[in-house]
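Below: the structure, in structure tokens.
To find a chain, count down the sequence lines: A is the first, B the second, and so on, and within it residues start at 1. All values below were derived from every heavy atom in this structure, side-chain atoms included, with hydrogens, water molecules and symmetry-related copies excluded. Since the model is a prediction, treat every value here as computed from it, not as a measurement.
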Amino acid sequence: MTRRTKIADLIRTEPLNTEVLVKGWVKAFRNNQFLALNDGSCAQNLQVVVDFENTDPSLIERIKFGASVGARGQLLESQGKGQRIEVKADEIYIYGDCNPDEYPLQPKKQTLEFLREIAHLRFRTNTFSAVFRIRHALAYAIHKFFNDRGFYYLHTPIITASDAEGAGEMFRVTTLPFDKTPRTENGEVDFKEDFFRRSTNLTVSGQLEAELGAMALGQVYTFGPTFRAENSNTTRHLAEFWMIEPEVAFNDLNDNMDLAEDMLRYVIQYALDNCADDLKILEERLIEEEKSKPQDQRSEMNLSDKLRFVVDNRFERITYTEAIHILKNSNQNKKGKFQFPVEGWGTDLQSEHERYLVEKHFKKPVILTNYPAEIKAFYMRQDEAKEGVPGPTVSAMDILFPGIGEIVGGSQREERLERLVNRMREMHIPEEELYWYLDTRRFGSCEHAGFGLGFERLVLFVTGMSNIRDVIAFPRYPGNAEF
RNA sequence: GCUUCAUUAGCUCAGUCGGUUAGAGCGGCGGACUGUUAAUCCGUAGGUCCAAGGUUCAAGUCCUUGAUGGAGCGCCA
């Protein structure tokens, strides 16, 4: 009995003139004779040559686009031009029929919007199978990067009682009945009756818990799902997404930037080294897409050039204050071409400003640092006053990528108890609720830093896809939790 | 949440100034061909023009409201 071989292995080892058994799905069936088979193990299809004169016609009839089939036969050098090897089938097996009358997928170009509506089937397209193989490779590369550097993978809770993380609206987690919620004497919902005996939510960030781990394990990272109940309708936001959050004791802002930059460069290089075929599929897709765009909107670099460019060049590092200066003096601003004119120091940058810095001015990834304290989170380390900087700043850093915007947000953390508590009071963050966080500053506190990397934004960049809903299997966003 | 664009065959789209019976390509189905590469060739079926209301002699086409989808903005990773 021949054992099944994966197509990727056959293509790699090419065991010519041996009997093989392959199983997969029909991608094309030409001429009643040439069956293109894909089993998901790689981007390439394997050609199976069917001896249509000596095969039961009722069997051949069932070889339809999308059907699950198997073939047993000799692996031979291909007589045709498009491929090196092929299987000359002695036997064809039909495992699952696929009625083309009802099957929504067709062997032709389909819009991403249409495929999103049939996300349960879109894995079967070349584009999405490539995206999800690359997504896997990137996830693996991230674990490898951190593991090789002596980081510990820390699983932080998905359900949290703290709503003080300040990273956005949260989804409530409860087992209380909606029709007759238990009430206290004051008429408020009585969370003492709830599952956890208190109000709980889905996490918006594992950072605070990661900091706790870093204060003993030294270097930790999280890689898990994150939930934001914001009513965000953009190509770069999801209600449920995956985030990587390293946290390192004794690191300062510069170490933090180095770590983030090394990591991004490493994982992108990993994709270049290990996902060439899949990247090629996506690159060709992009080239086709570009053709329908007006000349001035076409990008100068193709996908692999863009990735190599990021790997080969240091990111530009500038302070928020310097960025404001560049923006104010830009021709774009002077000519009034920004929809939002660059205001004075202290307000957050609009995405058109970030895009200008990354895509027009520096033409490479940019790390913006030392933002005004006013517009950043309470836990970020307060900078010493500096000449030429109009107001208090914090040791924050945002990494901006072309086409994506913010891909990483991080900071050196405020390790000085008194400063941290003062800041929390100013920002009305309840100290009692975060006593455990403050304990790290009470006992053996030290300099430390970390950041959050939006995994889907990374996948977006590497795959060259344009909507974040197309780089996660089953996207959750306002009004949509299908599948 | 705001702004804006779209919604016509299974899919992608065309449909002129409001005017007769709404078209194409791909896909499907039937057939031919048989070393093909999104095979090719011939034939064929397929429509609640997103929904409701309105204007008009007449609406796929104009107006109002709503639904869904895209893009941009805000919030951020």
Side-chain angles (χ1 to χ4, degrees), chain A residues 27-36 44-53 60-61 64-66 76 78-83 86 88 98-118 125-126 165-169 204-207 222-245 260 284 288 292 338-340 348-355 375-377 398-401 404-410 451-461 466-470 472 477-480:
Chain A
K27 299 292 276 193
F29 188 41
R30 289 181 288 267
N31 231 345
N32 260 359
Q33 192 175 184
F34 301 104
L35 162 56
Q44 281 143 280
N45 300 328
L46 180 70
Q47 173 152 294
V48 174
V49 183
V50 181
D51 182 0
F52 63 97
E53 280 165 330
I60 287 185
E61 238 168 59
K64 297 288 188 189
F65 178 71
L76 301 171
S78 179
Q79 297 172 39
K81 279 196 177 123
Q83 58 282 317
E86 64 189 18
K88 188 175 183 306
C98 189
N99 180 353
D101 256 343
E102 293 166 27
Y103 191 46
L105 284 177
Q106 295 171 6
K108 59 170 277 192
K109 217 173 278 298
Q110 311 249 220
T111 60
L112 297 174
E113 291 79 17
F114 171 70
L115 294 171
R116 204 175 296 148
E117 286 169 18
I118 50 166
T125 65
N126 294 338
E165 286 152 9
E169 291 296 309
V204 293
S205 162
Q207 179 205 315
T222 74
F223 189 162
T226 311
F227 308 88
R228 306 262 167 102
E230 301 288 348
N231 191 9
S232 295
N233 292 288
T234 78
T235 53
R236 17 176 236 293
H237 288 87
L238 290 166
E240 178 183 286
F241 63 100
W242 290 67
M243 190 154 63
I244 295 101
E245 296 179 288
E284 279 161 8
E288 277 302 306
S292 62
F338 283 128
Q339 195 189 337
F340 300 92
D348 214 345
L349 300 179
Q350 300 286 329
S351 39
E352 59 171 344
H353 302 151
E354 295 181 347
R355 268 207 313 277
I375 57 172
K376 288 289 177 183
D398 283 0
I399 302 185
L400 310 177
F401 261 38
I404 311 288
E406 187 179 344
I407 197 166
V408 163
F451 61 84
L453 167 76
F455 184 57
E456 283 76 15
R457 288 188 181 175
L458 173 68
V459 181
L460 204 51
F461 181 75
S466 47
N467 193 316
I468 202 163
R469 295 168 186 177
D470 295 332
I472 187 166
Y477 50 94
N480 198 299

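- Nearest heavy atoms, A:Ser466 versus A:Thr235: O-CB, 3.5 Å.
- Base pairing annotation: B:A24 forms a Watson-Crick or G-U wobble pair with B:U12, both donor-acceptor distances under 3.5 Å.
- Heavy atoms of A:Gln106 sit under 4.0 angstrom from at least one base atom.
- Using a 4.0 Å heavy-atom cutoff across all strands shown, A:Glu240 reaches no nucleic acid atom at all.
- Along RNA chain B, the nucleotide closest to A:Val408 and the one closest to A:Tyr477 are compared, and the more 5′ of them pairs with A:Tyr477.
- The distance from atom CG of A:Leu46 to atom P of B:U37 is 18 Å, rounded to the nearest whole Å.
- Of the C1' atoms belonging to B:U16 and B:G35, the separation is 48 Å, rounded to the nearest Å.
- Contact between A:Cys98 and A:Gly66 at its shortest, heavy atoms only, is CB-C, 3.6 Å.
- If you check distances only, the side chain of A:Ser232 does reach the base of B:C75 with a donor-acceptor pair under 3.5 Å.
- Remark: the separation of the P atoms in B:G60 and B:A52 is 13 Å, to the nearest Å.
- At B:U36, none of the side-chain N or O atoms of A:Asn31 fall inside 4.0 Å of OP1 or OP2 (strictly under the cut-off).
- B:C17 and B:C73 have their C1' atoms separated by 37 Å, with the value rounded to a whole Å.
- Put simply, the side chain of A:Glu53 and the base of B:U34 share no donor and acceptor less than 3.5 Å apart.
- At B:C73, one or more side-chain N or O atoms of A:Arg355 fall inside 4.0 Å of OP1 or OP2 (strictly under the cut-off).
- Within the nucleic acid shown, A:Leu238 comes within 4.0 Å of at least one base atom, counting heavy atoms only.
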Practice task
Kindly indicate, with the supporting measurements, whether the criterion side chain to side chain contact (heavy atoms under 4.5 Å, CB included) is fulfilled by A:His237 and A:Ile468.
Solution key: CA-CA 7 Å; A:His237 288 87; A:Ile468 202 163; 5.7 Å; no

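- Contact of A:Glu113 with B:G70 (side chain to base): no donor-acceptor pair of N or O atoms is detected under 3.5 Å.
- Rounded to whole Å, atom C1' of B:U4 lies 12 Å from atom CD of A:Gln339.
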Exercise for the section: Check step by step if side chain to side chain contact (heavy atoms under 4.5 Å, CB included) holds for A:Thr125 and A:Gln110. Expected result: CA-CA 9 Å; A:Thr125 65; A:Gln110 311 249 220; over 6 Å; no

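- Among the protein residues, A:Gly80 comes within range of the nucleic acid bases, having at least one heavy atom under 4.0 Å from a base atom.
- Phosphate proximity of B:U36 to A:Arg30: absent, as no side-chain N or O sits under 4.0 Å from OP1 or OP2.
- Contact between the side-chain N/O atoms of A:Arg236 and the OP1/OP2 oxygens of B:C75 is not found at any separation under 4.0 Å.
- When the P atom is used for both B:A38 and B:A32, the distance is 25 Å, rounded to whole Å.
- Looking at which nucleotide of RNA chain B each of A:Asp348 and A:Thr235 is closest to, the 5′-most match is held by A:Thr235.
- In this structure, A:Thr111 reaches the sugar-phosphate backbone alone: every heavy-atom distance under 4.0 Å involves primed, P, OP1 or OP2 atoms, never a base.
- Counting all heavy atoms, side chain and backbone alike, A:Gln83 lies closest to A:Ser78 at NE2-OG, 3.1 Å.
- Pairing for B:U34 is absent, judged as Watson-Crick or G-U wobble with the two contacts each under 3.5 Å.
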Practice task
Given side chain to side chain contact (heavy atoms under 4.5 Å, CB included), test A:Phe223 with A:Trp242 step by step and report yes or no.
Solution key: CA-CA 7 Å; A:Phe223 189 162; A:Trp242 290 67; 4.0 Å; yes

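- Taking only side-chain atoms of A:Arg457, from C-beta outward, the nucleotide of B:G70, B:C76, B:G69 with the closest atom is B:C76.
- Atom CD of A:Gln83 and atom P of B:U37 are 10 Å apart (whole Å).
- With hydrogens and angles ignored, a donor-acceptor pair closer than 3.5 Å exists between the side chain of A:Glu86 and the base of B:G35.
- The nearest whole Å value for the distance from the CG atom in A:Leu115 to the P atom in B:C11 is 12 Å.
- Counting any heavy atom pair closer than 4.0 Å across all strands shown, A:Asn45 reaches no nucleic acid atom.
- Rounded to a whole Å, the CD atom of A:Glu230 is 7 Å from the C1' atom of B:C76.
- Applying the Watson-Crick and G-U wobble criteria (two distances, each under 3.5 Å), B:U68 pairs with B:A6.
- Using atom C1' as the reference point in both B:U56 and B:A9, the two lie 29 Å apart (nearest Å).
- The A:Glu117 side chain lies nearest to B:G69 when the options are B:G69, B:U34, B:U12.
- Here A:Glu352 lies out of heavy-atom contact (under 4.0 Å) with every strand.
- The shortest distance between the side-chain N/O atoms of A:Ser351 and the OP1/OP2 oxygens of B:G74 is below 4.0 Å.
- With both pairing distances under 3.5 Å, B:G47 is matched to nothing as a Watson-Crick or G-U wobble pair.
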Handout entry: side chain to side chain contact (heavy atoms under 4.5 Å, CB included) assessment of A:Asp398 paired with A:Lys376
Key = CA-CA 11 Å; A:Asp398 283 0; A:Lys376 288 289 177 183; 3.1 Å; yes

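- Nucleotide B:U61 is matched to nothing when pairs are restricted to Watson-Crick or G-U wobble geometry with both distances under 3.5 angstrom.
- Counting non-hydrogen atoms under 4.0 angstrom, A:Thr234 reaches a base of the nucleic acid.
- A:Asp101 and A:Lys64 are not joined by a salt bridge, as no carboxylate oxygen comes within less than 4.0 angstrom of a charged side-chain nitrogen.
- Rounded to whole Å, the separation between the P atoms of B:A77 and B:U68 comes to 29 Å.
- The residue A:Lys64 sits close only to the backbone: its heavy atoms come under 4.0 Å of sugar-phosphate atoms, none of a base.
- One P atom belongs to B:A24, the other to B:G47, and the distance between them is 14 Å to the nearest Å.
- Here A:Gln47 lies in heavy-atom contact (under 4.0 Å) with a base.
- Across all strands shown, A:Phe114 has heavy atoms under 4.0 Å from sugar-phosphate atoms exclusively, and none from any base.
- With A:Phe401 as the aromatic partner, A:Arg457 does not meet the cation-pi criteria of under 6.0 angstrom to the ring centre and within 45 degrees of the ring axis.
- Within the nucleic acid shown, A:Glu406 comes within 4.0 Å of sugar-phosphate atoms alone, with no base atom in reach, counting heavy atoms only.
- A:Asp101 comes within 4.0 angstrom of sugar-phosphate atoms only, judged by non-hydrogen atoms across all strands, and of no base.
- At the phosphate of B:A71, neither OP1 nor OP2 sits under 4.0 Å from any side-chain N or O atom of A:Arg469.
- Both stacking criteria are satisfied for A:Phe241 over the base of B:A77: a centre-to-centre distance under 5.5 angstrom and an angle between ring planes under 30 degrees.
- For B:A71, one of the phosphate oxygens OP1 or OP2 lies less than 4.0 angstrom from a side-chain nitrogen or oxygen of A:Asn467.
- Under the 3.5 Å distance criterion, the side-chain polar atoms of A:Glu352 are matched with a main-chain donor or acceptor of A:Phe340.
- Distance A:Lys109 NZ to B:U12 P: 14 Å, rounded to the nearest Å.
- Taking atom C1' on both B:G19 and B:U61, the two are 11 Å apart, rounded to the nearest angstrom.
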